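So you know, we letter chains A, B, ... as the sequences are listed, proteins then strands, and number each from 1. Basis for what follows: all heavy atoms, side chains included, without hydrogens, waters or symmetry-related copies. No experiment lies behind these values; they were computed from the predicted model shown.
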Amino acid sequence: MAFEKVKRSENYSEWYNNLVKNADLAEHAAVKGCMIIKPYGYAIWEKMQQQLDKMFKETGHSNAYFPLLIPKSFFEKEEKNAEGFAKECAVVTHYRLKVDENRKIIVDPDAKLEEELIIRPTSEAIIWNTYRSWIQSYRDLPILLNQWANVMRWEMRTRLFLRTSEFLWQEGHTAHATAEEALVETKQMLDVYAEFAETFLGVPVIKGVKTSNETFAGAVETYCIEGLMQDGKALQMGTSHFLGQNFAKAFDVKFQTKEGKLEYVWATSWGVSTRLMGALIMAHSDDEGLVLPPNLAPFQIVIIPIYKTDEERARVQEKAFEIKKTLEKNNISVKFDDRDTHKPGFKFAEWELKGVPLRIGIGPRDIENGTIELARRDTKEKSVINIEGIDIFIKNLLEEIQSAIYIKAKSFRDSSIHKVDSWDEFTKVLEEKAGFLSAHWDGTSETEEKIKNLTKATIRCIPLNNEQEVGTCVLTGNPSSQRVLFAKAY
RNA sequence: CGGGGUGUAGCGUAGCCAGGUAUCGCGUCAGCAUGGGGUGCUGAAGGUCGUAGGUUCAAAUCCUGCCACUCCGACCA
């Protein structure tokens, strides 16, 4: 395998594309904007799913599944939601093909659907249409559901994982009796996302609220976690929406209170997607390839045998299996790369490219000495250690790597938050340093829009528990009560 | 939707301006050697040159249409 190697520092976006392809994560599909997630990439996604799913269940949610196709009439009920997504909806208009005179397959004009169907860009419409029939009394509440699904948004510009037309995600949809309860839910799920991002992806995130410009179509408030990538651009990694009674009103979902009054139901929705794969890649990887945090690596450690003769191979194999078993007993996932078709050097490079956190090299020399060679992917440190007590050693080391990756990303992120107090400073820092700009803003959509047009930077969020501080807007000089975070974003 | 790019073997490409039946590398297959950082040598297989039409004795090459993907912008998780 000869890889076209692109340096991160030279062309970040090309580096990213190359890495996704070379590390066997995904490739472009025949259909524009769609991707094929390859087994290795999908294995990482599955790990994310498993962990998130566990966390959702721990917080009282159950999984369910709602259909891909949504009648247009449902979709248009929540006006803002419909408007927000209208431009990117794929529409099913026919239910049949036929063979024409030229033996070509064509859409059968006689098979036009009476009502057009939308391929879900998100499922609030179909779910709230369903919730109407599920909810009558306060006893039916809360409803705490999640679904793992694919959605489609016909994007104009796509990038593998970061923005594809079809993507995989989970969407939670909950229904509550009170606004307070729904708000608690919204924030709880935001916390779940933040914890997941930091402990599993190893990506530090800032929790915040979106400005009205950036609020989800149909939501009252959108909370988000924002991460920072190595090129200084921000990435929205998850959102949790307080939907108020918007969907309940649009779909006429009411319940009877203890007191016998009819009230509209309060709602939340929250989601993270395969975009997290993009975050994972862009937050940690280097010129040698992917760097995976142990908590999400399909293999936490790879064992590469070194030998010349068949006799040596057999001896090394035996020892390698022994080590593999010992590690597996400690819940460490191990790949023993016993392919005889590739040389060790090739395997070293390949598994580095794929981001496996630790590598064991073992050969005849080691067997004599009772040692192995251990190499860390994140720091590229190599050491020779005794086989004795290897399980505990590696278990601890994996934890150390997980935290080292996080700390590295965090110190980068922390040093990339720049306080700026004038327009000159704003544009200069944005140009020269990128990252987050913490700046005063007068709170109007107009100003936000102007700044976006002038610099391409948007307000990523108003951090939660933001320090209140009197100041003046960087652009207009109007009074402001707090700083918000600007950045160029993916 | 606007601007650029690309489409030739599984992958990456040369050839196109100055038309004559396709180059090279990687990979694949076979064999021998090799094996502690992307192995070496020898041999072999593999192509309706994106697609439809036109010009020509002759088209990967020139002309026209179409399609797809990709990059850069407007839009978005």
Side-chain angles (χ1 to χ4, degrees), chain A residues 1-5 11 13-14 16-18 21-22 24 27-35 83-89 121-122 151-171 193 210 213-217 219 222-227 234-241 269-279 288-289 304-310 312-313 316 339-353 359-369 371-375 380 382 384 449 452-453 456 458 460 489-490:
Chain A
M1 256 182 271
F3 297 118
E4 189 192 339
K5 232 179 181 178
N11 187 338
S13 124
E14 209 184 327
Y16 175 85
N17 289 336
N18 248 281
K21 266 180 235 160
N22 292 339
D24 255 340
E27 61 188 49
H28 289 286
V31 178
K32 180 183 165 64
C34 293
M35 68 176 161
E83 260 181 50
F85 285 107
K87 286 172 294 186
E88 38 193 272
C89 282
T122 178
V151 287
M152 174 154 272
R153 299 178 186 176
W154 210 268
E155 297 288 349
M156 297 175 185
R157 203 154 127 42
T158 57
R159 298 194 64 189
L160 292 170
F161 291 119
L162 296 173
R163 176 167 296 108
T164 46
S165 289
E166 182 192 14
F167 58 89
L168 306 183
W169 76 345
Q170 59 66 220
E171 44 180 328
Y193 288 157
K210 288 291 185 186
N213 276 2
E214 304 266 334
T215 299
F216 175 73
T222 290
Y223 294 83
C224 63
I225 51 170
E226 292 284 327
L235 182 73
Q236 178 174 307
M237 290 170 58
T239 47
S240 185
H241 313 291
S269 68
W270 27 274
V272 295
S273 70
T274 35
R275 168 178 265 195
L276 289 180
M277 293 285 294
E288 264 62 56
I304 294 170
I306 292 142
Y307 53 85
K308 287 182 189 164
T309 62
D310 281 349
E312 278 180 357
R313 186 183 182 193
V316 171
R339 289 175 296 176
D340 192 34
T341 49
H342 297 273
K343 286 184 60 168
F346 179 92
K347 296 178 185 176
F348 293 173
E350 187 176 62
W351 291 111
E352 269 164 19
L353 181 59
R359 181 187 74 226
I360 288 178
I362 180 164
R365 224 155 59 204
D366 292 303
I367 291 181
E368 273 172 40
N369 301 335
T371 58
I372 51 130
E373 184 195 72
L374 190 63
K380 303 199 184 74
K382 279 198 274 196
V384 174
E449 197 63 32
K452 183 180 172 184
N453 292 335
K456 283 176 196 157
T458 49
R460 299 321 304 154
Y490 277 99

C1' gap between B:U64 and B:A22, integer Å: 25 Å
What's touching nucleotides 29-34 of chain B from the protein side, N or O pairs under 3.5 Å?
none

Would you kindly check if the NZ (Lys) or CZ (Arg) of A:Arg275 is within the cone defined by 45 degrees around the ring axis of A:Phe167 and under 6.0 Å from the six-membered ring centre? no
Nucleotide B:U6, atom P - distance to CG of A:Asn17 in whole Å: 18 Å
Sidechain N-carboxylate O distance under 4.0 Å for A:Lys210, A:Glu226: yes
Students often get this wrong, so: under 4.0 angstrom with heavy atoms, is A:Leu235 touching a base, only sugar-phosphate, or nothing? nothing
When all nucleic acid strands are considered with a 4.0 Å heavy-atom cut-off, which category describes A:Thr164: base, sugar-phosphate, or nothing? base
For atom P, what is the distance between B:A58 and B:U42, given to the nearest Å? 42 Å
Nearest to the A:Phe348 side chain among B:G37, B:G38, B:A74, which nucleotide is it? B:G37
Hey, does the side chain of A:Arg157 come within less than 4.0 Å of B:C72's phosphate (OP1/OP2), counting only N and O? yes
Would you mind classifying the nucleic acid contact of A:Arg359 as base, sugar-phosphate or nothing, using non-hydrogen atoms under 4.0 angstrom? base
Can you tell me which nucleotide in B:G36, B:C69, B:G38 comes closest to the side chain of A:His28? B:C69
Using atom P in both nucleotides, what's the gap between B:U23 and B:U48 to the nearest angstrom? 15 Å
Closest nucleotide among B:C75, B:C72, B:G36 to the A:Glu373 side chain: B:G36
Answer with base, sugar-phosphate or nothing: what part of the nucleic acid does A:Lys210 contact at a heavy-atom distance below 4.0 Å? nothing
For a quick check of understanding: with a heavy-atom distance under 4.0 Å over all strands, which category does A:Phe85 fall into, base, sugar-phosphate or nothing? nothing
Remember a base hit wins even if backbone is also touched, and classify A:Glu312 as base, sugar-phosphate or nothing at under 4.0 Å, heavy atoms. nothing
Quick check for you: among B:G37, B:C71, B:G73, whose closest atom lies nearest to any side-chain atom of A:Lys456? B:G73
Nearest-Å distance once atom P is located in both B:G19 and B:U61: 12 Å
Ion pair present between A:Glu352 and A:Lys380, side-chain N to carboxylate O less than 4.0 angstrom? no
Whole-angstrom distance between B:C49 and B:G10, as gauged at atom P: 13 Å
Do the ring planes of A:Trp270 and A:Tyr193 sit parallel (below 30°), tilted (30 to 60°) or perpendicular (above 60°)? perpendicular
Salt bridge or not for A:Lys452 and A:Glu214, using N-O below 4.0 Å? no
